[in-house]
Amino acid sequence: MNQMQRILSARRLSHSIIPQSCFLHRRWFATSETDASSPPLSSAHQKIQTLEDKASNKSRSTASTTSSLNEQELAKFSAIADTWWHSEGPFKPLHLMNPTRLAFIRSTLCRHFSKDPSSARPFEGLRLIDVGCGGGLLSEPLARMGATVTGIDAVDKNVKIARLHADMDPMTSKIEYQCTTAEKLVDEGRTFDAVLALEVIEHVANPAEFCNSLSALTIPNGATILSTINRSMRAYASAIVAAEYILQWLPKGTHEWSSFLTPEELTMILQRASIDVKEMAGFVYNPITGRWLLSDDISVNFIAYGTKKE
Amino acid sequence: MNRVLARQLKTNVCGSKHIFQRAWSTHVTRKVSSTAGSNESNANSTGDSPQHDIAIVGGGMVGIALAASLASKPLTKHLNVAIIDNNPLLGRKNIIEKGHLPDPRVSTVTPATISFLKDIGAWKYIEEQRHAYFDKMQVWDYTGLGYTRYNAKDVDQDILGCVVENKVLQSSQLSCVQESDLQKTIYPARLNSMDMLPSSSLTGLGEVPSTADLFMRGRLAKLELSDGNNVYAKLVVGADGSKSRVRELAGIKTTGWNYSQNAIICTVEHTVENFTAWQRFLPNGPIALLPVGDKFSNIVWTMDPTEASDRRSMSEDDFIKAVNDALDYGYGPHPEITSSGGSSLSWLTGDVNISAKERFETPPKVVKLSSERMMFPLSLRHAKDYVSNRVALVGDSAHTVHPLAGQGVNLGFADASALSRAIAEGIALGTDIGEANLLKRYEAERKPANIAMMAVLDGIQKMYAVNFGPLNAFRAAAFHGAHYISPLKKRIISYASGEQSLPLFS
């Protein structure tokens, strides 16, 4: 428990100290007023927290923000946001990983909701939410599989890009995109059959709070799927050193190793948010074929599927 | 991307006789749903044109194989497929009467293709028609220096392959398609032009965009047919043979060369039934004798163009004499089986190589010519890309090979199988089926295998094209090696049967 708290507090510190010049998926989720799982805050921490609050409140609405950090971030992100759908552009790794993630999602959700996996539209009638949808890479295939999809992202430019692209195909033009946060939707009382938050939690200020929101968005006995990167030495070597510095798949500074969660930590956080993790799988990259594969190896990228308790 | 603009031709109504079903997106799963049903197209209205998921241009064996394969998979059997082929007889039932003489256009299907045909449910129809399994093969050449015999038992199989008429292959697969739930429409016309636009937003189009709108915003490809119809599809598959129009319109370049050889094919009759496939390499090209069933065999004789036109026009008796000569003592002696050769290599034969112990046999004599002699020029052609924006090529349009190993259409069937698998995977994961990445997966699976096979066949063709002492001796050594060395023989049989897709590393 102590180690967890230390990690959580360290993350809060690190966000303000390290210049966040190139955080791609930087999402500012409002930290709630009462944070039961965190240690008592010192005044310094409180200051940082309120700064984050202000920043997150402002950044969601318009481009005008108080902190220069945010503007810089958003600008950087806006610059790259146009390339979401360029399959050879800066988001290429995500494009390559997409089919593999979808395979896992398809198989677990079909089993969870007892849908026929050999049907072409197995998610017909299910309401799904893609938290941190970015340009809609995940939302669109899910819509083609028959689901009623809502995609949310804290960065307005992403949502705009997603909307434009989804409008290009009649099968995906019914996706609802909103520039908002999970917490806000919880406040509005929305619920969904399945909640997906892929590659988001490693960028969030307070993962425990985030998981609580995800859980609140899920109906009882619904499904929650999260994917992230493991906090392991191998992940440091591959996801940060290799991906950002050597192969330059991602801009430097995209990921912060200390923000990664181990599968055990994620399971614990989800457990406390009333979600039972049922299955986990890893993604492994084969450099020869250039494809990602599902595997039992959860030491770098992994995805977890859990069910919400009654 | 090729932008080929064509003029609008006058519409023509009588194509509708051959159109089985106008598939309209009336059920919930289609995106351009309810209102499209009311836009029932009479060919001469300017209303919404037919919209399909896949347009297969070319209704030959490979094009129909793709349709049948899609029809047999649960993920893809709801798709809406258009088949565009100029042949007005396509789709007519019972065009093959029993008891007729075998058509000279036959294909040897490998065991891998037979499994594919069984999977799609077409093999049971083929077995009702004439077909000939064979389990032995003999290959030798005019020098008399060596021969190889293959037996299916070398690899613990019952058959090496089966010879089936092309008409039978095509109609059996078409029967499968017609019995399935696949929504299909046959357009008896030729493809005139094809157009694909870059993707752009559909905003401002309203609830259900029309077909023309979807085309203008890059979601559909538009095909203009010779009878004036316009067909729209998400994916266009070129299965229209070695002079593919789809390949030409998509701007896909090819490499290749013409072999200075023509092939004569015909059906012949024997007094006894033939159960072996025979191939003898002659100075100007190989002659192959393949069983087709009921004492008939098919001849594929490759030779110089001048010889070919001579042999085609000579009298039937002279031709039969020439064939028997070519298969027997013409051009050179029979290979001798020396006992010393056998015993010195006996440590290599092992117990499993049954065919190594078989003696050289002379093929059965031909007594009658049972069909016209058809002549075809031979060439090698390979498309640089198999896929392009919303276009995929399968079969001979992607690769044309020499007939000397009977592999051509088998590669095509493998292509059809791979493409339908890629499409099924794409649908399972919610991808747009015209998307480049999906099609590239198909290309990455088939291209290396096809290129490897073409290289092997071309190599064999070149090796036999020269009559040169040391090369002849090398070929003889190769014969002996393939005949006596069991592991090598097993590899060769397994590769030729389609069980392995690459000659070396599988």
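As the structure is a computational prediction, the values presented were derived from the model and not from experiment. Residue numbering restarts at 1 for every chain, and letters A, B, ... go by the order of the sequence lines.
- The aromatic rings of A:W85 and A:H165 lie parallel to each other, their planes meeting at an angle below 30°, with 60° marking the opposite boundary.
- Looking at A:R101, there are no atoms closer than 4.5 Å to chain B (heavy atoms on both sides), in backbone or side chain.
- Residues of residues 421-436 of chain B that come within less than 4.5 angstrom of chain A, heavy atom to heavy atom, are B:I427, B:A428, B:L429, B:G430, B:T431, B:D432 in numerical order.
- Among A:R111, A:H112, A:E279, the one residue that satisfies the side-chain hydrogen bond (donor to acceptor under 3.5 Å, both in side chains) test with A:Y305 is A:H112.
- Salt bridge B:D415/B:R446: present, at least one basic N to carboxylate O contact under 4.0 Å.
- Looking at A:S118, the atoms closer than 4.5 Å to chain B (heavy atoms on both sides) sit in the backbone and in the side chain alike.
- The aromatic rings of A:W292 and A:Y285 sit tilted relative to each other, their planes meeting at an angle between 30° and 60°.
- Taking chain B as the reference chain and counting heavy-atom pairs below 4.5 Å, the highest number among A:M145, A:E140, A:H95, A:R106 is found for A:R106.
- With salt bridges taken as basic N to acidic carboxylate O contacts below 4.0 Å, one links A:R121 and A:E124.
- Here the options are A:R190, A:R163, A:R127, the test is salt bridge (charged side-chain N to carboxylate O under 4.0 Å, His left out), and the partner is A:E176; only A:R190 passes.
- A:T218 places a side-chain N or O within 3.5 Å of a backbone atom of A:L214 that can act as its donor or acceptor partner.
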